[in-house]
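Everything below concerns the one structure shown next.
Start at 1 with the first residue, then count along the sequence.
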Amino acid sequence: MKKIKVALLIDEFFGGAGTAFGGYGFLARKYIAKYIPDENIEIDVLLERKQGLQEAECVKVDGVNLYRLPDRTKLARKWLKKQNYDLFLSIEMTYPSWKIMQLIDNKKLILWIQDPRPSVVWEEKRQTMTCIKDPCIVFPQIPELIKRLLNKRLVYFISQGYSLNELAKTLYNLPQNTPVDYVPNPIDLDTRYKFDINEKKKQVVFLGRLEAQKRAWLFCEVAKRMPEYEFYVMGKFFRDEENNKKPLEPYLNADIPNLHFTGHLEGEEKEKLIRESRILLNTSIWEGIPISWLEALQYGTSIVSCLNNEDLPSRFGAYVGEILGDGFDKVDLFIPAIRELMENDELYAEKANAAIEYIRQTHNVERFVKTLKDKIYEVYNKKNMPVWFNIISKSDKIGEIISGIKSNILKG
């Protein structure tokens, strides 16, 4: 069997090659590039098109080739043609990835839905904030590209969560019957871990980038109002540090004995702090399904959140209701939820054990590897629709009949 050449489109690789530390990059480096390549599949990472390059620039990280392409269209096209990738895999799609993908003709794309942000919904929530706002990262060219690929039957959708699919269909203007396969995010499970409530400390953790969307200042406000528990902020400033630091300066410089800023943690330090904590507190105004939630739940660390994506907080912790704006007027909503999980051992243990079982069944690496590899094989072996099929299906009179036939063909 000829090796399938997959180009992974992602503009960060969790610090590799000088890129940012983010959730998409974490997935790319720690899971896709690590576990998917085998004797049948090879993966390159395409980061961006970069001005000033006359030829592609390659850096090897963890044994994986990371490429920056020339910004000049002619040079980038020539290099892509020479590489002759069989298909492309994108974790959502950023602007740098779009710049690469717009050069590709008649190649298939697997789009992994992670955190779709339709501008109409994203802006509605974001505009309620006053102290600082994350920039809108949805570029109108991206939905246009996806629509063009959809019309050519060249794009296939997978999603990390059922609760994200409607947002993706709105963002990309997809028909309601568009197939979307479920491929939950994986985490490296500590299968030796056995839950023991006596090893859990009365402490709460925050895990994520210190950016506007995350509203870490609410975590700090909760810490001020609950001095009986310890609160740890795991994360650092990455983008727009000067502006993102301003809302947190009152807490960074204050004497709050139970509030601790650890900075960015990885490996054993990070796992130990999560494992020993009872609660992960999420204060974001917007999330997909954060990997931090999965990392916490595998150790029975409950989630208290003002978002309830995939019903994970309500099932394995507490959902306190949506909080818009800067959130200062709603801080007290978190307090009874945290206190109940801290003081009600029976309730906490029940939720913790259920969380551990769910994570081990749903988010294990073995399931992820099999599901994604099967999708790669399926898309690679699927023949493109003939041109006449796309033309005739546009007829108003026979469109409904044809769409049913097409759906069955696309499913193999």
Side-chain angles (χ1 to χ4, degrees), residues 12 14-15 18-23 25-26 115 117 122-137 201-266 269-270 273-274 277 279-288 290-293 295-296 303-307 320-335 337-339:
E12 59 184 48
F14 207 62
T19 61
F21 290 84
F26 185 84
D115 185 12
R117 300 182 183 186
W122 166 252
E123 288 294 341
E124 180 182 328
K125 294 182 183 295
R126 173 180 167 270
Q127 289 300 331
T128 64
M129 297 173 64
T130 58
C131 65
I132 183 174
K133 297 180 177 71
D134 277 328
C136 181
I137 61 172
K201 298 178 181 179
K202 297 292 182 72
Q203 60 191 33
V204 185
V205 292
F206 173 99
L207 178 56
R209 301 184 310 276
L210 300 183
E211 295 179 1
Q213 166 195 339
K214 306 293 184 177
R215 297 189 300 189
W217 55 81
L218 296 182
F219 183 90
C220 300
E221 281 294 323
V222 174
K224 282 172 58 178
R225 301 180 195 195
M226 304 188 81
E228 66 270 35
Y229 307 127
E230 299 299 313
F231 288 75
Y232 291 86
V233 178
M234 286 190 285
K236 62 181 290 188
F237 302 97
F238 286 110
R239 303 179 182 94
D240 197 15
E241 179 174 348
E242 183 178 349
N243 285 326
N244 279 308
K245 187 174 282 187
K246 287 178 183 177
L248 288 176
E249 282 177 350
Y251 309 100
L252 291 166
N253 302 323
D255 182 18
I256 306 174
N258 66 323
L259 178 60
H260 315 280
F261 289 86
T262 70
H264 177 75
L265 297 183
E266 289 190 58
E269 277 187 297
K270 172 179 146 184
L273 194 49
I274 295 173
S277 300
I279 293 170
L280 180 140
L281 179 58
N282 185 279
T283 54
S284 299
I285 196 168
W286 184 285
E287 291 281 8
I291 291 177
S292 62
W293 288 13
E295 292 175 318
I303 301 168
V304 174
S305 175
C306 52
L307 296 171
V320 303
E322 186 176 44
I323 297 176
L324 297 177
D326 298 333
F328 290 104
D329 58 331
K330 302 290 186 182
V331 170
D332 287 342
L333 291 179
F334 294 108
I335 292 175
I338 291 171
R339 184 164 287 126

Test side-chain contact (heavy atoms from CB on, under 4.5 Å) on Phe26 and Ile291 and set out the steps. CA-CA 9 Å; Phe26 185 84; Ile291 291 177; 3.7 Å; yes
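- Salt-bridge annotation for Lys224 and Glu221: present, with a side-chain N of the basic residue lying under 4.0 Å from a carboxylate O of the acidic one.
- The CG atom of Leu273 sits 9.5 Å away from atom NE2 of His260, with the distance rounded to the nearest 0.5 Å.
- Counted within 6.0 Å of CD on Glu322, heavy atoms from surrounding residues, nucleotides or ligands total more than 12; the atom is thus considered enclosed.
- Counting all heavy atoms, side chain and backbone alike, Gly325 lies closest to Ile285 at N-CD1, 4.0 Å.
- If you take CD1 on Ile274 and CD on Glu269, they are separated by 12.0 Å, rounding to the nearest 0.5 Å.
- Residues Ala212 and Trp217 approach most closely at O-CH2, 3.7 Å, considering heavy atoms.
- Remark: side-chain polar atoms of Glu230 are not paired, donor with acceptor, to backbone N or O of Gln203 under 3.5 angstrom.
- A donor-acceptor pair shorter than 3.5 Å can be found between the side chains of Trp286 and Asp115.
- A heavy-atom distance below 4.5 Å is found between the side chains of Glu287 and Asn282.
- Taking each heavy atom of Ser305 and Phe334 in turn, the nearest pair found is C-CE2, 4.3 Å.
- Atom NZ of Lys270 is surrounded by more than 12 heavy atoms from other residues, nucleotides or ligands within 6.0 Å.
- Phe261 is listed as a side-chain neighbour of Cys220, based on a closest heavy-atom distance under 4.5 Å.
- Between Glu228 and Lys202 the shortest side-chain heavy-atom distance does not fall below 4.5 Å.
- In this structure, Ile279 CD1 and Ile338 CD1 are separated by 5.5 Å, a value rounded to the nearest 0.5 Å.
- By the 4.0 Å N-to-carboxylate-O rule, Asp332 lies too far from Lys330 to be salt-bridged with it.
- Counting only heavy atoms from C-beta outward, the side chains of Leu207 and Tyr232 never approach each other to under 4.5 Å.
- Nearest approach of Arg215 to Cys306, heavy atoms of both residues: NH2-SG, 3.5 Å.
- Put simply, the side chain of Trp293 reaches to within 4.5 Å of the side chain of Leu280, judged on heavy atoms.
- Classification of the His264-Phe21 ring pair by plane angle, with boundaries at 30° and 60°, yields tilted.
- Among all heavy-atom pairs drawn from Arg225 and Ile335, the shortest one is CB-CD1, 3.8 Å.
- Remark: of the listed residues Val331, Val233, Val205, Val233 is the sole one forming a side-chain contact (heavy atoms from CB on, under 4.5 Å) with Phe219.
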Quick one, Phe14 with Thr19, criterion side-chain contact (heavy atoms from CB on, under 4.5 Å). Give me CA distance, side-chain angles, the key distance, then yes/no. CA-CA 6 Å; Phe14 207 62; Thr19 61; over 6 Å; no
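- Asn258 places a side-chain N or O within 3.5 Å of a backbone atom of Tyr229 that can act as its donor or acceptor partner.
- In this structure, Phe231 has its ring center no closer than 6.0 Å to that of Phe206.
- Gln213 and Ser284 share no donor-acceptor pair across their side chains, judged by distance under 3.5 Å alone.
- Scanning all heavy atoms of the two residues, the minimum distance from Leu210 to Ala216 falls at CD2-CB, 4.0 Å.
- Distance check, rounded to the nearest 0.5 Å: CD1 of Ile323 to OG1 of Thr283 gives 8.5 Å.
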